[in-house]
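Reviewing the structure listed below.
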Amino acid sequence: MGDIMEQTRWYKDSVFYHIWPRSFCDGDGDGVGDLHGVYGKLDYIRSLGCDGIWFSPLYPSPGVDCGYDVADYMDIDPLFGGMAAFRRVLDAAHERGMKVIMDLVVNHTSDAHPWFQKSRRRIPPYTDYYIWRKPLAGGKLPNNWDSQFEGKAWQWDAMRREYYLHLFAVRQPDLNMDNPLVRQEVKRILQFWLELGVDGFREDVITFLSKRDGLPNDYLMPAIRGIGHYNDGPRIHEYLREFREVLDKYDTFTVGEAPLLSPRRALDYVDERRGQLSAVIQTQVMNADCLLTEYVPVPFSLRRLKRSFDAWQKGLDGKGWNVLYLENHDHPRVLSRYGSEAYHTASGKAIAACYLFQKGTPFLYQGQEIGMTNWRPRRAEDYEDVQTRWHYRNMLARVLPPSVRLKWCHRASRDSARTPMQWSGAPNAGFTTGTPWFRVNENYRRINVAAQDADPDSILNFYRAAIALRRRFATLMREGSYTDHDPLSDGLYVYSRALNGERLLVVCSFTDKALRFCAPKGFVLARGELLLHSYDDALDGNGFVTKPYECRVYHFR
Ligand code: NOJ
């Protein structure tokens, strides 16, 4: 398989469904989602038109960061059904023509991982598996970096009598990737899962793996202080090339999470001539209503959203491949952010249409296809997420009273999108027959899969139609060019894809206001075929007046 250029790059024709296992479907009644539950829903996922699944971590873990704190990379947590249940799901997915990618979390481990337990006792060869430092003079921390979840990035270990670095939770110590033995371990992990038959990896904060020599202080970015010295760091490409020694023996899809990377920098990773990663998950697309993080909110701007899509569509065109997404387990629900809960169905459809027809591999996050909305907690104690809890207690606590803090978290917390999947109007939304591990969003009686399945005009059936449409036209897949026809509008997203004289025009309104849409130059709507729409198909000259959050897709030949 050697040369990546010769591989089929099957992922370019795929649509992925992202499962956050804990909240997807509980098959054994213990209140936690698991692989037995997933098994029973594979046909549902296939019915959406999806032919790939990304699993957030399934490995044994203390669960401090819901599985992103791995205690054993080569097993499946019994909570999720263990290895036998995983193999059954993998086989059943493959039988249905679906690929499966795992989450590779190797920037850090859990502190419960045996490597860490041995490292803190200085047991060879684990002594330098992590980033240990002595205190500076006067007992000061080794540098001024912040962790992204819990205060400072250094934790004192009383046993080893040194600090260890943790860019995330205290119980997520960072691995020392400069150590060749650690890289060897990563290659073993890759090999293990690929031999088992998985089809690739979503690589957690992969751009954080290489820290700048000397771990210098950072003066640029309060709150994420240090990121300038570990994101896109000095040896990252060397490491990724080394991992390819294993990956290139298989036909894989590798998607790296790449916070804050510009398209130009991303090309260093995804340029197909270099072939380090198949694609990256960029984060700008989640910043249309906030500054870098949802905890610093600003009003939603469609122009910002379009600028981000546009930059990535153009920036990688012909050189590298995009991942397309608007939701995952790290962000509150997109319908509550970029859409409108008041215009639930219409805005859910506009959100689907605004990204599914772009060039790249689309990802859907569980519940997005029925327009799940942000969960509203009653009490701060209801929050499970380590990051939210910290923000509630610290950052926000300094300035805000509790009621305001709760509202803030409702808008910003990852937990807003981690409530159990709403399968039906049955108790606990049909997610479990037991007691759910986490609160169910109270709107499940209205918003659920069973109800939308039966309704031809639902968001769910719109996703099905849109994905089927995407597959019908080569123009919407690998080759067609992308043009944003109205970048300055803050109400309408109008883009087209074109190939060999065929064109598809997508019009999405992101407002409840009536706007006059006029077809872009060169398009005569009356001559086009309206393939998908969320209201009626009225025309008014060479355009129409939009209804709230209306969307349409026209085809021209
Ligand atoms: C990114 C993951 O998506 C997120 O859920 C996790 O908390 C951090 N990386 C740390 O692993």
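Just so we're clear, the structure is a prediction, and the values are computed from it rather than from any experiment. One-based numbering, in listed order, for ligands and for the atoms of each.
Close contacts between ligand 1 and Arg414 involve ligand atoms 4 (C), 5 (O), 6 (C), 7 (O) [criterion: under 4.0 Å to a heavy atom]. Taking a cut-off of under 4.0 Å to the non-hydrogen atoms of Glu257, the atoms of ligand 1 that pass are 1 (C), 3 (O), 9 (N). The His108 neighbourhood of ligand 1 comprises atoms 10 (C), 11 (O), with distances under 4.0 Å to a heavy atom of that residue. Near Phe149, the atoms of ligand 1 lying under 4.0 angstrom from a non-hydrogen atom of the residue are 7 (O). Atom numbering of ligand 1 starts at 1 in the shown order; those under 4.0 Å from a heavy atom of Arg202 are 2 (C), 3 (O).
The distance from atom OG of Ser61 to atom CG of Asp75, rounded to the nearest 0.5 Å, is 12.5 Å.
The shortest contact between atom 7 (O) of ligand 1 and any protein heavy atom is with Asp65 OD2, 2.5 Å. With hydrogens left out, the protein atom closest to atom 5 (O) of ligand 1 is Asp330 OD1, 2.7 Å, a heavy atom. Atom 2 (C) of ligand 1 has as its closest protein heavy atom Asp204 OD1, 3.0 Å.
A donor and an acceptor atom, one from each side chain of Tyr68 and His329, are located under 3.5 Å apart. Asp174 and Asn107 share a donor-acceptor pair across their side chains, judged by distance under 3.5 Å alone.
Only side-chain heavy atoms of His329 come within less than 4.0 Å of ligand 1; its backbone N, CA, C and O stay farther off.
The residue from Gln368, His18, Met286 that alone fulfils the side-chain contact (heavy atoms from CB on, under 4.5 Å) condition with Tyr325 is Met286.
Both the sub-6.0 Å distance and the 45° axial angle are not jointly satisfied by Arg133 relative to the ring of Tyr163.
Salt-bridge annotation for Asp251 and Arg9: absent, with no side-chain N of the basic residue lying under 4.0 Å from a carboxylate O of the acidic one. A salt bridge does not link Arg121 to Asp157: none of the charged side-chain nitrogens sits closer than 4.0 Å to a carboxylate oxygen.
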